[in-house]
Amino acid sequence: HIKQILAGIPRQDLVFEITESIFLEHSQGLFDLIQALDAFEVQLCLDDFGTGYSCLSYLKRLPIGNLKIDRSFVVDMLANPHSAGIVQALIHLGETLGMTVTAEGIESAEQAVALQQMGCDYGQGYFFACPLSGAAAEALLAAQTRWQY
């Protein structure tokens, strides 16, 4: 069924996000599905990393290409050295494993700058845009907006 859905879609343009907590509920069945998606050359992202049990063995066993740092660490990283340390450690972990790293929940230019200085590859959050309709997202992409901070 997935193969039919993916027909005609460039694989490099498609990313499946899987939340870390889902592994706790469906680990073996999900592992098999992830292996099948990898065979279709679909990009896989582990979302909300750090909020579940953070089982590092999944990072070793699964073909995950992107690690998303949960916003709960980003939101107070400028004021809380423990959160900042966790964010830096997760960025380094992702780099070491050859993954791209995305930080969720960026709400200020100061957070964006700090994450960039830590080596974070991508960011998302209200600093860049609030949730958008399909048409508004297309207009934002068409405008080729660049954020400078």
Side-chain angles (χ1 to χ4, degrees), residues 1-55 58-59 61-79 83-84 86-88 90-95 97-149:
H1 183 69
I2 291 173
K3 201 173 193 176
Q4 277 182 329
I5 293 171
L6 296 177
I9 298 175
R11 302 300 199 275
Q12 69 274 13
D13 293 340
L14 187 61
V15 177
F16 278 91
E17 290 189 7
I18 302 162
T19 59
E20 180 184 17
S21 60
I22 198 93
F23 286 107
L24 300 175
E25 300 168 23
H26 309 285
S27 63
Q28 186 54 48
L30 189 59
F31 183 77
D32 295 340
L33 176 61
I34 288 172
Q35 293 295 345
L37 288 171
D38 186 51
F40 294 138
E41 299 177 7
V42 171
Q43 297 178 60
L44 298 171
C45 173
L46 186 57
D47 193 18
D48 296 337
F49 190 75
T51 60
Y53 286 100
S54 300
C55 186
Y58 291 131
L59 296 180
R61 293 174 37 209
L62 297 173
I64 303 293
N66 183 286
L67 191 66
K68 273 190 156 182
I69 300 171
D70 188 71
R71 72 173 301 281
S72 63
F73 300 113
V74 173
V75 71
D76 70 340
M77 69 177 205
L78 298 177
S83 289
I86 291 170
V87 168
Q88 181 67 70
L90 292 175
I91 291 169
H92 183 70
L93 176 65
E95 286 175 350
L97 297 174
M99 300 175 177
T100 58
V101 179
T102 302
E104 298 178 312
I106 300 172
E107 297 179 0
S108 70
E110 293 79 16
Q111 289 171 328
V113 167
L115 287 159
Q116 186 177 41
Q117 289 172 345
M118 288 182 193
C120 192
D121 299 301
Y122 299 103
Q124 67 183 61
Y126 287 114
F127 172 67
F128 303 107
C130 60
L132 301 171
S133 67
E138 286 180 20
L140 181 66
L141 291 171
Q144 297 183 345
T145 303
R146 299 284 183 234
W147 288 267
Q148 296 191 17
Y149 31 86

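What you see is a predicted model; the values in this text were computed from it and never measured.
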What's the separation between atom [atom1] in [X] and atom [atom2] in [Y], rounded to the nearest 0.5 Å?
X	Y	atom1	atom2	value
Met77	Ile86	CE	CD1	12.5 Å
Ile106	Arg71	CD1	CZ	11.0 Å
Thr100	Ile64	OG1	CD1	11.0 Å
Leu90	Met99	CG	CE	11.0 Å
His92	Cys120	NE2	SG	14.5 Å
Leu115	Thr102	CG	OG1	10.5 Å

Minimum heavy-atom separation for [X] and [Y], please, with both atom names.
X	Y	value
Ala112	Phe128	CB-CZ, 4.5 Å
Val74	Ala103	CG2-CB, 4.0 Å
Leu132	Ala129	CD1-CB, 4.2 Å

message: For a 4.5 angstrom cut-off between non-hydrogen side-chain atoms, does Lys68 reach Gln124?
response: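 They are in side-chain contact.
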- prompt: Is Ile69 close to Val101 at the side-chain level, that is, under 4.5 Å between some pair of heavy atoms?
  reply: yes
- request: Mind running side-chain contact (heavy atoms from CB on, under 4.5 Å) on Leu78 and Gln111 for me, showing each step along the way?
  value: CA-CA 7 Å; Leu78 298 177; Gln111 289 171 328; 3.8 Å; yes
message: Please check if the number of heavy atoms outside Tyr126 that lie under 6.0 Å from its OH is greater than 12.
response: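 Open.
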query: Are Asn66 and Val15 close enough, and set up right, to give a side-chain contact (heavy atoms from CB on, under 4.5 Å), and what steps lead you there?
result: CA-CA 9 Å; Asn66 183 286; Val15 177; 5.7 Å; no
